[in-house]
Amino acid sequence: MAQAQPGPWDALGAAVLTPIEGRSGPAHSTLFDFEQPLVSETTDPLDALNEFERQRVSLAGSVDPARLSRLLAAESVGALIAAEMRFAGLPWSVSAHDQILTEMLGPRPTVEGDRPSKLQFLAEKIRSLLDAPQLNPDSPNDLLRALTVAGVQTTSTRAWELKQLKHPAIEPLLEYKKMSRLLAANGWNWLDSWVRDGRFRPDYVPGGVVTGRWATSGGGALQLPHLIRGAVIPDAGWKLVVADASQLEPRILAAMSADRGMVEAGASGDLYEGIVASGAVETRAQAKLAMLGAMYGATTGESGRLMPKLARAYPRAIQMVEDAARAGERGEVVSTQLGRGSPRGADTGTYDDSLTPAQRSAERERGRSWGRFTRNFIVQGTAAEWALCWMASIRVRLDALAAGTWLTESPHLVFFLHDEVVIHSPAESAEAVAVLVADAAHEAGRLLFGGLPVTFPLTVAIVDRYDAAK
DNA sequence: GCCCAATGCGCC
DNA sequence: AAAGGGCGCATTGGGC
């Protein structure tokens with residue numbers, strides 16, 4: 001499957017929602033009749049049974065059919081959940097959103113394209129402080145020029161670079177950037193485009209990311225700023241159950257490498273404190289930094305310096321990500337826990353004497369960069385698999401909780417964010433949902449790692465506003 | 001007018 | 001508070 005050339009199914013995209021006309025389904029075979037050979041009477045390249053049969057054949061020939069079929073099942077449930085979440089929608093209060101915007105930016109301008117009052121005030125202040133009356137603070141070019149003329153030394157206008165600088169204009173400028181960003185990304189225009197009948201309906205793209213993570217197209221659901229999460233408010237008599245997996249990716253690394261020490265460090269609840277307790281590093285902040293470095297491939301800075309300590313304390317876990325990085329540099333495919341393969345890179349390890357030293361050096365850096373990708377791929381991709389299994393298990397349990405009701409009449413998933421879910425639930429069911437979500441996290445661990453004693457603790461909150469969940 | 005790259009920043 | 005991985009989106013500013 002992964003090796004197969006893209007076919008007509010891959011090209012479907014949004015068109016999948018359009019019914020195919022003039023075709024009646026097979027009359028005598030049922031979808032789950034596995035014992036019957038699935039010989040389709042049609043040559044339609046979009047025939048679902050044909051595709052299903054191709055997948056079965058491919059599975060049977062795979063290295064580990066049990067794991068890969070689990071991945072297929074998880075992906076299938078994920079696709080269903082994505083459609084259901086879009087159907088149900090995330091409860092969204094237009095008035096709460098407007099209130100947030102008005103507080104931060106000033107009231108919505110009556111003339112389209114005008115700056116809201118507070119933003120306009122800041123723009124004038126920056127112009128005056130930089131002595132640049134024509135300055136458009138939204139134009140990086142313009143801004144860089146004005147800063148240089150005012151004697152501020154910088155090569156870019158990125159917020160984190162500006163923060164290092166000393167000039168009276170910097171503070172209002174940073175404030176302006178934050179506000180301008182809110183207006184452009186999630187302002188009134190966004191509200192008009194994406195919220196209908198009190199619901200935000202993101203267009204999820206399951207498996208849209210190369211690692212297996214979901215993507216979205218339009219609406220930017222996976223980048224929903226914390227600033228506006230106060231607009232996510234349940235219906236009257238309902239609650240939001242917000243659950244996120246604590247330190248998911250480091251725990252995934254511990255589990256997939258079966259690094260006993262790291263698994264035990266996570267057993268008490270805070271993996272980073274566990275790492276400190278083991279004596280590997282001195283502070284929680286160091287533990288976090290070192291783990292991030294291990295998973296992303298940090299080479300410099302404090303993160304890079306802490307890596308050897310981590311490698312001494314947790315040799316198996318670190319060896320696993322190092323191996324993934326080296327494999328990537330050689331152009332090899334690496335794989336997640338359930339068998340999703342990475343794309344094949346170019347082999348940059350072999351010596352090619354037709355290249356100039358500069359070319360060889362560029363080639364090496366390209367290889368290292370690909371190695372950082374494959375290093376992260378196995379962790380990010382397996383975390384995505386855990387999240388799919390988690391959601392699938394949540395859905396099964398929600399189904400059992402409220403059998404025989406419509407999706408939106410009983411507790412249902414309304415939002416997903418890589419390691420976090422939101423469930424819209426009648427108030428009286430919220431406690432039960434909070435319990436079931438934690439049970440599902442245990443089950444996800446079992447589905448991926450069998451009997452390994454790994455824990456995936458959650459932070460669960462029952463709230464009346466999304467941003468009330470910490 | 002449309003198309004595209006660069007820039008910057010939101011999320012995990 | 002970036003560095004190191006993965007994304008999507010709005011805006012600017014250049015090309016045609």
Side-chain angles (χ1 to χ4, degrees), chain A residues 113 115 135-145 154-164 173-174 176-187 189-190 193-194 202-229 244-250 252-253 285 288-307 310 321-322 324-325 328 334 336 340 342-343 365 368-384 386-387 415-421 466-467:
Chain A
R115 283 195 185 89
L135 170 69
N136 172 12
D138 289 312
S139 162
N141 261 347
D142 216 8
L143 186 55
L144 195 57
R145 219 174 302 128
T154 181
T155 52
S156 87
T157 62
R158 294 187 195 97
W160 71 267
E161 294 209 27
L162 296 181
K163 272 172 201 159
Q164 329 266 4
L173 188 50
L174 290 171
Y176 179 93
K177 277 173 161 286
K178 200 177 202 75
M179 290 162 59
S180 168
R181 167 78 193 185
L182 174 66
L183 175 67
N186 298 96
N189 289 341
W190 180 91
S193 309
W194 291 101
D203 189 3
Y204 292 107
V205 186
V209 177
V210 63
T211 57
R213 272 188 176 180
W214 287 16
T216 53
S217 89
L222 299 181
Q223 298 110 257
L224 202 68
H226 291 101
L227 263 175
I228 57 158
R229 293 189 185 181
D244 77 275
S246 312
Q247 305 149 346
L248 179 59
E249 292 197 351
I252 290 292
L253 172 56
K288 187 172 180 175
L289 212 58
M291 280 305 298
L292 286 177
M295 294 183 298
Y296 292 155
T299 53
T300 61
E302 193 184 357
S303 183
R305 281 194 298 280
L306 288 166
M307 280 279 285
L310 211 58
V321 283
E322 291 294 331
V334 297
T336 60
R340 182 188 308 275
S342 69
E365 178 43 39
R368 276 194 292 268
S369 169
W370 192 257
R372 285 193 296 273
F373 163 64
T374 51
R375 168 198 295 268
N376 186 251
F377 179 94
I378 60 170
V379 180
Q380 186 184 122
T382 303
W386 182 91
F415 197 56
F416 170 61
L417 203 63
H418 303 309
D419 61 358
E420 176 172 351
V421 296
Y466 188 9
D467 69 345

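These numbers were taken from a predicted model, which means no experiment stands behind them. Below, chains carry the letters A, B, ... as their sequence lines are ordered, and counting in each starts from 1. We use all heavy atoms of the structure for the numbers below, so side chains are in, but hydrogens, waters and symmetry mates are not.
Computed from coordinates, the A:Met179 CE to B:dC9 P distance equals 15 Å when rounded to whole Å. Atom OH in A:Tyr176 sits about 13 Å away from atom C1' in C:dA10, given to the nearest Å. Distance A:Met291 CE to C:dG4 P: 18 Å, rounded to the nearest Å. Atom CZ of A:Arg375 and atom C1' of C:dG4 are 9 Å apart (whole Å). Separating the CG atom of A:Leu173 from the P atom of B:dG8 is a distance of 12 Å, rounded to the nearest angstrom. Going from atom CZ of A:Phe416 over to atom P of C:dC7 covers 15 Å, rounded to whole Å. The nearest whole Å value for the distance from the CG atom in A:Leu306 to the P atom in C:dA3 is 17 Å. In this entry the distance linking CH2 of A:Trp370 with C1' of C:dG6 reads 12 Å, nearest Å.
For A:Asp138, the side-chain contact (heavy atoms from CB on, under 4.5 Å) partners at least two apart in sequence or on another chain are A:Arg115, A:Asn136, A:Tyr176, A:Ser180.
Counting non-hydrogen atoms under 4.0 angstrom, A:Val210 reaches the backbone sugars and phosphates but no base. In this structure, A:Ser217 reaches the sugar-phosphate backbone alone: every heavy-atom distance under 4.0 Å involves primed, P, OP1 or OP2 atoms, never a base. Nucleic acid contact for A:Leu289: base, since at least one base atom lies under 4.0 Å from a heavy atom of the residue. Residue A:Ala159 is classed as a sugar-phosphate contact, given heavy-atom separations below 4.0 Å to backbone atoms only. Residue A:Ser303 is in base contact, counting any heavy-atom pair closer than 4.0 Å across all strands shown. Counting any heavy atom pair closer than 4.0 Å across all strands shown, A:Gly219 reaches sugar-phosphate atoms only and no base atom.
Rounded to the nearest Å, the gap between the C1' atom of C:dG4 and that of B:dA6 is 22 Å.
With a 3.5 Å ceiling on both atom-pair distances, the Watson-Crick or G-U wobble partner of C:dT12 is B:dA5.
A distance of 11.5 Å separates CD1 of A:Ile378 from CZ of A:Phe373, quoted to the nearest 0.5 Å. The structure places CD of A:Gln380 at 10.5 Å from CE of A:Met295, a figure rounded to the nearest 0.5 Å.
A donor-acceptor contact shorter than 3.5 Å links the side chain of A:Trp190 to the backbone of A:Gly219.
Note on ring orientation: taking the six-membered ring where Trp is involved, the planes of A:Tyr466 and A:Phe415 are perpendicular (angle over 60°, cut-offs 30° and 60°).
Candidate nucleotides C:dG4, C:dA1, C:dC7 were compared by shortest atom distance to the side chain of A:Thr300, and C:dG4 ranks first.
The existence of a salt bridge linking A:Glu161 and A:Lys177 is excluded, since no basic side-chain nitrogen approaches an acidic carboxylate oxygen closer than 4.0 Å. Looking at A:Glu365 and A:Arg372, a side-chain N of the basic residue comes within less than 4.0 Å of a carboxylate O on the acidic one, giving a salt bridge.
Mapping A:Ser369 and A:Lys163 onto DNA chain C via the closest heavy atom, the residue that lands nearer the 5' end is A:Lys163.
Heavy atoms only, all atoms of each residue included: A:Ala294 and A:Val321 are closest at O-CG2, 3.7 Å. What you find for A:Thr374 and A:Ala324 is that their closest heavy atoms are OG1-O, 2.8 Å. Of all heavy-atom pairs between A:Thr216 and A:Tyr204, the closest is CG2-CD2, 3.7 Å.
Taking 4.0 angstrom as the limit, A:Thr157 places a side-chain polar atom (N or O) nearer than this to OP1 or OP2 of B:dG8.
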Are there any protein N/O atoms within less than 3.5 Å of an N/O atom in nucleotides 10-12 of chain B, and if so, which ones and at what distance?
unit_1	atom_1	unit_2	atom_2	d
B:dG10	O4'	A:Arg181	NE	3.4
B:dG10	O4'	A:Arg181	NH2	3.2
B:dG10	N2	A:Gln223	NE2	3.2
B:dC11	OP1	A:His226	N	3.3
B:dC11	OP1	A:His226	ND1	2.8
B:dC11	O3'	A:Arg229	NH2	3.3
B:dC12	OP1	A:His226	NE2	3.4
B:dC12	O3'	A:Asp419	OD1	2.8
B:dC12	O3'	A:Asp419	OD2	2.9
B:dC12	O2	A:Arg213	NH1	2.9
B:dC12	O2	A:Arg213	NH2	3.0

Please produce a list of atom pairs where a protein N or O lies less than 3.5 Å from an N or O of nucleotides 11-16 of chain C.
unit_1	atom_1	unit_2	atom_2	d
C:dT12	O3'	A:Ser139	OG	3.3
C:dG13	OP1	A:Ser139	OG	2.3

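Using a 90° window around 0 for the glycosidic torsion, C:dG4 falls inside it and is classed as syn.
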